[in-house]
Number of protein chains: 2
Amino acid sequence: MTGNTPDGPTAPSLDAGSRRSSPATLEDVARAAGVSLATASRSLNGSSRTVNAAYRSKVLDAAARLNYSPNLSAQAVARGSTMTVALVVADITDPYFSSIAAGVVAEADQGRLIVTMAATERDSERELEIVRTLRGQRPKVIILAGSRREGDPSEEALRRELEDYERAGGRVVLISRNELGFRTVQIDNASGAADLATALVGLGYRRFSVLTGNRELKTAADRLDGFTSGLERAGIRVEADRVVQSAFTRDGGYEGMRSLIAAGVQADEVVFAVNDVMAVGALSALRDAGLTPGADVAVAGFDDIPTVQDVWPTLTTVNVPLVEVGRAALRLALEETDASVSADSDASTAPGSPVATSVVVRDSTPRRA
Amino acid sequence: MTGNTPDGPTAPSLDAGSRRSSPATLEDVARAAGVSLATASRSLNGSSRTVNAAYRSKVLDAAARLNYSPNLSAQAVARGSTMTVALVVADITDPYFSSIAAGVVAEADQGRLIVTMAATERDSERELEIVRTLRGQRPKVIILAGSRREGDPSEEALRRELEDYERAGGRVVLISRNELGFRTVQIDNASGAADLATALVGLGYRRFSVLTGNRELKTAADRLDGFTSGLERAGIRVEADRVVQSAFTRDGGYEGMRSLIAAGVQADEVVFAVNDVMAVGALSALRDAGLTPGADVAVAGFDDIPTVQDVWPTLTTVNVPLVEVGRAALRLALEETDASVSADSDASTAPGSPVATSVVVRDSTPRRA
DNA sequence: CTGTTAGCGCCTTCAG
DNA sequence: CTGAAGGCGCTAACAG
């Protein structure tokens with residue numbers, strides 16, 4: 001069976017040793033092609049230098065034959081820079097973050113970039129720690145999504161860390177939070193929430209409650225503020241005791257709704273949860289309390305994550321093109337690779353125009369008679 | 001404003017050049033500590049060699065002072081191996097995969113491992129391509145989740161690619177598909193589905209339909225088979241025309257359900273969708289057709305993704321500990337680092353015991369009177 | 001225990 | 001245009 005009768009052209013590589021064959025190196029390729037290491041290198045990577053066509057194809061052949069694949073680590077060491085983009089999110093299972101991640105990954109492989117991923121579990125100490133260990137990777141880009149709160153004790157340390165990183169040539173992009181003074185993909189949280197408020201008023205609602213995350217969470221605060229100011233424009237105020245804070249998660253929404261219910265819900269009110277996962281939790285809380293969301297109390301969210309079209313009632317929300325946000329983040333990081341001609345130092349900090357949001361009215365906020 | 005009056009002790013580091021300061025190297029540290037490169041290296045990494053405490057602390061001090069962070073690429077080149085685990089999934093936004101990813105990431109950073117991520121978008125050509133480009137990373141582990149179908153034309157090429165990779169010292173772990181003969185985290189799809197069938201029969205159901213993904217998808221096939229054989233045990237057969245194939249996605253479930261409805265649904269039947277995202281789509285399809293899921297037709301899924309507790313009716317399903325599956329995958333990859341004492345060549349292929357699944361009955365399958 | 005010295009795989013001047 | 005040689009940051013024998 002294991003005889004070595006040449007199997008004809010069917011067996012392309014001579015029966016390779018099946019024991020620990022390490023990958024071919026560039027030197028192997030060069031030797032096989034009968035050229036120098038330099039020539040091999042120049043033909044295989046996108047060097048600016050040009051190479052004699054005959055040599056080049058000999059190299060390409062050899063590389064294919066040996067199944068050569070350049071060692072990215074070695075390239076990184078030699079070039080002094082990697083092709084890595086590091087993405088750090090709060091929680092991968094949260095649709096908000098997984099959508100953003102999908103966008104980053106999609107954009108990345110249109111540029112032969114590798115994306116690495118880490119999760120903070122919503123702990124800003126941990127976030128700082130992660131960013132610190134990220135330095136070892138020497139990523140070309142660091143994208144930070146969520147989980148930062150204002151006035152956080154580790155805030156300053158994080159900023160310093162990121163500044164050092166940029167000073168070393170890295171690019172950092174923040175998603176929906178620019179307090180730190182870096183490139184940012186802004187999401188128009190405030191005006192999206194204001195638009196939602198206006199739409200709800202237009203549907204006939206006059207009483208409002210809101211389920212918000214920790215107030216220090218910039219995103220949560222902006223959405224709350226936008227919502228209340230949208231209502232103010234219609235001459236409506238939301239009672240202070242109808243604003244409840246809880247975790248920025250599904251369970252947070254559930255708990256928040258429970259306390260709202262405990263305090264007494266009005267038949268004609270709508271509760272605005274500052275994000276969809278919270279809203280979805282709120283729907284369940286209502287149901288578990290024997291109430292019918294939509295009919296008994298209206299609910300609205302923010303983000304337009306995929307699942308809100310499959311809950312019942314389908315959720316009125318504010319659409320945020322999350323996948324696009326992820327792509328935009330990476331594009332923003334990569335643009336103008338050498339900041340040579342920035343007019344003033346603030347230019348590189350300019351957030352650019354925020355990504356647009358739009359209200360989507362569904363069944364959870366039926367028009368009031 | 002930009003004067004340079006020393007700001008007192010507030011400025012910890014001597015006003016560092018704000019222009020492109022590249023990270024400190026090990027050599028910088030060694031010099032600052034007044035020791036040799038080797039000593040610095042030995043004190044900073046977990047070398048087996050021991051070093052004089054005095055020297056060691058001098059090095060540690062210098063490293064801290066210079067904010068040194070080892071260049072992982074350089075370490076990889078020198079050591080000949082990386083700390084990278086490459087995870088390739090079909091679709092990051094799918095809760096099934098994002099849960100697994102979360103598990104892998106969680107397990108990874110208990111081992112200073114870095115996880116990189118790529119998405120196949122359910123295209124097996126793309127999967128092959130991804131695995132190929134992965135070689136450049138020289139990852140220590142490759143974890144493949146989903147998106148492979150039996151009899152796929154690129155199957156053989158993929159197998160070869162992965163074998164080469166293992167031959168070079170890498171570890172591959174497949175999730176819920178062992179056709180290729182690699183380490184696998186098995187999910188007990190068949191018996192989970194059979195248990196579900198039994199439970200449904202116990203609830204009083206006698207008529208069944210199933211929404212399945214492409215039959216070549218191992219996971220889909222196993223769940224279908226398990227389900228039907230579970231029914232057979234109760235003497236029940238599912239009509240061939242009540243098994244419809246569609247995409248393994250939410251929209252697939254929606255479309256599948258539509259055609260089931262078009263063919264005529266029975267009031268006393270339950271439709272089993274082979275995964276939760278399909279089931280959730282099915283719920284919406286029912287609703288859009290004016291039917292009430294649970295009451296008019298029962299629905300059951302598989303996976304127990306988080307959102308099924310927030311849809312209405314809450315979904316009966318089979319729980320799969322997805323996050324744990326992710327962790328298990330990485331652990332499996334890392335165990336027994338040198339396959340020195342494997343009894344026979346099949347040993348390394350042994351799937352180990354499959355992760356247990358368990359039926360969770362909820363509101364979408366009310367007990368039949 | 002410490003320092004010197006080769007590499008690791010690749011890129012990139014610098015001479016031919 | 002090509003090849004030889006030095007270097008990237010770090011590790012791992014190998015001598016002291």
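The basis for the numbers below is simple: all heavy atoms, side chains too, and nothing from hydrogens, waters or symmetry mates.
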Donor-acceptor pair, [X] side chain versus [Y] backbone, under 3.5 Å?
X: B/Asp164; Y: B/Glu161; value: no
X: B/Arg138; Y: B/Arg135; value: yes
X: B/Ser154; Y: B/Ala157; value: no
X: B/Thr25; Y: B/Asp28; value: yes
X: B/Ser73; Y: B/Asn71; value: no

Quick one: is [X] getting a side-chain N or O under 4.0 Å of the [N] phosphate, OP1 or OP2?
X: A/Thr25; N: C/dG9; result: no
X: B/Gln75; N: D/dC10; result: no
X: B/Asn45; N: D/dT11; result: yes

When the distance from [atom1] of [X] to [atom2] of [N] is rounded to whole Å, what number comes out?
X: B/Asp28; N: D/dC8; atom1: CG; atom2: P; answer: 11 Å
X: A/Glu27; N: D/dA5; atom1: CD; atom2: P; answer: 13 Å
X: A/Asn71; N: C/dG9; atom1: CG; atom2: C1'; answer: 6 Å
X: B/Leu26; N: C/dT5; atom1: CG; atom2: P; answer: 17 Å
X: A/Leu37; N: D/dG7; atom1: CG; atom2: P; answer: 17 Å
X: A/Leu44; N: C/dC11; atom1: CG; atom2: P; answer: 8 Å
X: A/Met83; N: C/dC10; atom1: CE; atom2: C1'; answer: 15 Å

Polar pair under 3.5 Å, donor/acceptor by atom type, side chain A/Arg138, base D/dG9: no
State the [atom1]-[atom2] distance between [X] and [Y], to the nearest 0.5 angstrom.
X: B/Met117; Y: A/Ile92; atom1: CE; atom2: CD1; result: 6.5 Å
X: B/Leu134; Y: B/Tyr165; atom1: CG; atom2: OH; result: 7.5 Å
X: A/Leu128; Y: A/Glu155; atom1: CG; atom2: CD; result: 11.0 Å

Closest-nucleotide ordering on DNA chain C, the 5'-leading residue of B/Ala74 and B/Ala53: B/Ala53
Residue whose closest nucleotide on DNA chain C lies nearer the 5' end, B/Arg79 versus A/Ala78: B/Arg79
Pair A/Val141-A/Arg183, side chain to side chain contact (heavy atoms under 4.5 Å, CB included): steps then yes or no: CA-CA 11 Å; A/Val141 175; A/Arg183 281 174 171 71; over 6 Å; no
From [options], pick the nucleotide closest to the side chain of [X]?
X: A/Asn52; options: C/dT13, C/dG9, D/dC1; result: D/dC1
X: B/Ala38; options: D/dA4, C/dG3, D/dT2; result: C/dG3
X: B/Val51; options: D/dC10, C/dT2, D/dG9; result: C/dT2
X: B/Arg42; options: D/dC10, C/dT2, D/dT2; result: C/dT2

A/Glu166 vs A/Leu162, side chain to side chain contact (heavy atoms under 4.5 Å, CB included): CA-CA, chis, key distance, verdict: CA-CA 6 Å; A/Glu166 286 215 319; A/Leu162 293 175; 5.7 Å; no
Strand contacts (DNA chain D) in residues 29-36 of chain B, 4.0 angstrom heavy-atom criterion: none
Global bending angle along the helix from C/dC1-D/dG16 to C/dG16-D/dC1, which compares the axes of five pairs at either end, to 10 degrees: 40°
